[in-house]
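Worth saying up front: this structure is predicted, and the values here are computed from it rather than measured. We number each residue from 1, following the sequence as shown.
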Amino acid sequence: MQSPPKRTRPVRFLLVEDDEDHADLIARAMREHRISNECSRVENGEQALAFLRKEGEFGSAQRPDIILLDLKLPRMNGLEVLREIKWDPELSPIPVVMLSTSSADEDKERAYELRANSYVVKPLDFDSFNQIVSTLNYYWAVVNEAV
């Protein structure tokens, strides 16, 4: 089996997460796995769209390679943000991974209807959460071949 090709630069993640503890867990898991990818964070849906469109304070933001999008966000929920991303021809190619504590079928179905690339239920314990972050990073940063 061939090893995955080496990337020439770190993968840029955009984390859209309003929960400080969840954001800290993701950052901690990346550090523990010595992940050198870049991870920017915004706390709500309006900031996410401003970041992606390089508006206001995000004028110099670099386009992310992957968006990790929480479902339950203030101002605009994750499904509304997902819809805006996937309807925008400039943003729609960016893979979006929905991260949620919700395992409700209707949330998953709606996310996939809106063209989410993946739906991941956030576990409550750190070890499981850590493993999921490691797996997500490995898949999107190493295994998946982006253009």
Side-chain angles (χ1 to χ4, degrees), residues 4-5 7-124 128-147:
R7 285 196 176 266
T8 58
R9 67 166 176 79
V11 173
R12 292 185 199 106
F13 286 89
L14 173 61
L15 174 61
V16 186
E17 175 63 72
D18 64 315
D19 186 301
E20 196 69 38
D21 291 333
H22 289 179
D24 287 344
L25 283 174
I26 290 170
R28 182 176 162 195
M30 286 186 165
R31 279 192 311 273
E32 285 188 6
H33 292 283
R34 293 179 177 84
I35 296 167
S36 62
N37 294 324
E38 299 170 13
C39 188
S40 299
R41 177 182 171 225
V42 294
E43 296 179 3
N44 64 59
E46 290 175 357
Q47 286 179 339
L49 293 174
F51 184 100
L52 293 166
R53 294 174 177 152
K54 298 182 178 203
E55 297 171 343
E57 67 183 286
F58 303 109
S60 62
Q62 292 190 312
R63 180 181 170 141
D65 299 303
I66 311 293
I67 300 167
L68 303 176
L69 179 60
D70 188 20
L71 183 66
K72 296 179 174 142
L73 295 167
R75 300 189 186 156
M76 282 183 91
N77 71 42
L79 294 174
E80 293 169 319
V81 175
L82 177 62
R83 181 178 50 243
E84 290 292 319
I85 291 168
K86 293 303 182 179
W87 283 358
D88 184 322
E90 292 294 315
L91 302 177
S92 65
I94 304 171
V96 178
V97 176
M98 299 302 295
L99 292 174
S100 179
T101 54
S102 171
S103 60
D105 287 342
E106 58 269 14
D107 288 335
K108 290 185 266 186
E109 289 168 6
R110 187 68 182 132
Y112 284 121
E113 285 170 5
L114 292 170
R115 300 190 336 230
N117 297 85
S118 185
Y119 190 102
V120 176
V121 177
K122 294 186 249 183
L124 299 177
S128 297
F129 200 93
N130 191 357
Q131 184 60 44
I132 283 178
V133 171
S134 175
T135 302
L136 278 172
N137 181 73
Y138 182 76
Y139 175 76
W140 289 105
V142 178
V143 176
N144 184 56
E145 293 192 25
V147 290

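- Side chains of Asp70 and His22 form no contact here, defined as non-hydrogen atoms less than 4.5 Å apart.
- Rounded to the nearest 0.5 angstrom, Leu69 CG and Met98 CE are separated by 4.0 Å.
- Within the 4.5 Å cutoff, no side-chain heavy atoms of Asn44 are placed close to those of Asp18.
- The closest donor-acceptor contact from the side chain of Asp65 to the backbone of Arg12 lies under 3.5 Å.
- No side-chain heavy atom of Arg83 sits under 4.5 Å from any side-chain heavy atom of Leu79.
- Under a 3.5 Å cut-off, the side chain of Tyr112 and the backbone N or O of Tyr119 do form a donor-acceptor pair.
- To the nearest 0.5 Å, the span separating CD1 on Ile85 from CG on Leu52 amounts to 5.0 Å.
- Nearest approach of Ser100 to Ser102, heavy atoms of both residues: OG-N, 2.8 Å.
- Within the model, atoms CD of Gln62 and NZ of Lys54 stand 7.0 Å from one another, a figure rounded to the nearest 0.5 Å.
- For the pair Asp19 and Lys72, the salt-bridge criterion is not met [side-chain N within less than 4.0 Å of a carboxylate O].
- Scanning both residues, Ala23 and Glu17, for their nearest heavy atoms gives N-CG, 3.9 Å.
- In this structure, Asp24 CG and Arg41 CZ are separated by 7.0 Å, a value rounded to the nearest 0.5 Å.
- For the side chain to side chain contact (heavy atoms under 4.5 Å, CB included) with Ile67, the lone residue among Asn117, Ile94, Val97 that qualifies is Ile94.
- Between Val81 and Gly45, the shortest heavy-atom distance links the atoms CG2-CA, 3.3 Å.
- Not counting sequence neighbours, the partners of Arg53 by the side-chain contact (heavy atoms from CB on, under 4.5 Å) test are Leu49, Glu55, Glu84, Asp88, Leu91.
- Atom CZ of Phe13 sits about 10.0 Å away from atom CD1 of Ile26, to the nearest 0.5 Å.
- Interatomic distance, Ser118 OG to Leu68 CG, rounded to the nearest 0.5 Å: 9.5 Å.
- Note on Glu43 versus Arg75: no salt bridge recorded, every NZ/NE/NH1/NH2 to OD/OE distance being 4.0 Å or above.
- Counting all heavy atoms, side chain and backbone alike, Gln47 lies closest to Phe58 at O-CE1, 3.8 Å.
- The heavy-atom pair separating Leu15 from Leu99 by the smallest distance is CD1-CD1, 4.3 Å.
- In this structure, Val11 and Ile66 have side chains that are in contact, with non-hydrogen atoms separated by less than 4.5 Å.
- Arg115 approaches Ser92 most closely through the heavy-atom pair NH2-CB, 3.8 Å.
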